[in-house]
Amino acid sequence: MTALVIRKLAAMPRLWRLVAVLGGLLVALALPWLIYPPVAMDIVAWALFAVALDLLLGFTGLLSFGHAAFWGSSAYIAGTIAIKTGVPFPVAVVGGAVVAMALAVPIALLAVRRTGIYFAMVTLAFAQLVYYVANQWRGLTGGENGLQGIPKNLFGLDLSDPFYFYYAGLPIALIGLVIAWRVVHSPFGRVLVAIRENPARSRSLGFPVDRYKVMIFVISAGLSGLAGGLYAISHGFASLQEVYWTTSGKVVIMTVLGGIGTLWGSVIGAALIVQVEDYVATSGIHIGPLNITGPGLITGLIFVGVVLLFRRGVWGTIAHLLRGRRRGVADVEPHLSGTPSVAEREPAVAPKP
């Protein structure tokens, strides 16, 4: 009976996607009623950040350890715009995202000349350069003291209450998620998947591979900047932590936990990590005489467990199982993501005699 229900659900992919989208939207709207509103806003911002990285990692096959540069630079710029000009905070957030995209252009032009771990190291090096500049440019960033007193102005409305700010900031994150979805479900996104699977073949078919990589890198940086600016305005503060390399590592963990190449997985991974960090930081975990108050150990254990048990991540594993039941394909996906490979798109049907 259970197998029959699963087969019927798998046979209705469009309806299933619609139900998932509506369910996710309802959860997003109800989130500040269920958990502490600032934590809810953190989940939304980090989810958009993880989705932005997934465009690069899951759909293009490029691992970046430098996305904190875009998240953090946008946080500083959005905060500075809000403080100096007093414009509505969405304008400041968009301004930060534009600066992040501008910063991404020269980095992308140099980084896409490398692949694999070399690409990751180049992005990490540039991110550390941004960290050094932020630390030294105290007149703009406040140095070690950070940028403080960022206002939450929206046409004179009082958004100092985190509950109300959540609903003012949520549409910005939803717009970013829609942009990511549209990129993935477009001819441009199909080319990105082809580049991920076989760059040489894509190049032989006439696609300018490096140009596509630069474009998706800049788009990913812009969405990361959108998330970073929203995060900084939500907290009213931007610090060096936003541009530190651990921030890049944290968003990579979120993306891998949820499932690379799925978009939905990035949202789930972000929610899981933010919730765990908040719980451990406020309550701690007591195991006999051991009192764990730092989130690093628990997050690491969760990451190891998911990697060992769900090699495609949480949502990636679910999506793959549903797709396998619907099409009857073997487990042949080489990229370990939720995005169908060329082999999976071919139905496993024996030829007629």
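Note that the structure is predicted; figures quoted are calculated from it, not measured.
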Using a 6.0 Å distance limit plus a 45 degree cone around the ring axis, check whether K152 lies over the aromatic ring of F89. no
Backbone N/O of L263 and side chain of D54: donor-acceptor pair under 3.5 Å: yes
Please say whether more than 12 non-hydrogen atoms of neighbouring residues, nucleotides or ligands are located less than 6.0 Å from CZ in F237. yes
Mind running side-chain contact (heavy atoms from CB on, under 4.5 Å) on Y118 and V122 for me, showing each step along the way? CA-CA 6 Å; Y118 302 103; V122 170; 5.5 Å; no
Short question: side chain of T85, backbone of A82 - any donor-acceptor pair under 3.5 Å? no
Decide whether a cation-pi geometry holds between K250 and W245; the criteria are a distance under 6.0 Å from NZ or CZ to the six-membered ring centre and an angle within 45° of the ring axis. no
If Ile, Leu, Val, Met, Phe, Trp and Tyr residues are connected whenever their side-chain heavy atoms lie under 4.5 Å apart, and connections chain through other members, are W33 and L174 in the same group? yes
Kindly say whether F207 contributes a backbone atom to a donor-acceptor pair with the side chain of S202 at under 3.5 angstrom? no
Using modelled atom types and a 3.5 Å cut-off, is there a donor and acceptor pairing between side-chain atoms of T60 and backbone atoms of L62? no
Side-chain donor or acceptor of R182 paired with backbone N/O of H185 under 3.5 Å: yes
State whether a side-chain donor-acceptor pair under 3.5 Å links H67 with S220. yes
Do the two ring centres, one from W71 and one from Y231, sit under 6.0 Å apart? yes
Does S248 reach the main-chain N or O of Y244 with its side chain, forming a donor-acceptor pair under 3.5 Å? no
Just by distance, do the side chain of T141 and the backbone of A134 share a donor-acceptor pair under 3.5 Å? yes
Can you confirm whether or not the ring centre of Y76 sits under 6.0 Å from the ring centre of W137? no
Any sub-3.5 Å donor-acceptor pair from T123's side-chain atoms to F65's backbone N or O? yes
Check whether any side-chain N or O of T247 sits under 3.5 Å from a backbone N or O of Q241 as a donor-acceptor pair, and report yes or no. yes
May I ask you to check whether F217 and F70 place their ring centers less than 6.0 Å from one another? yes
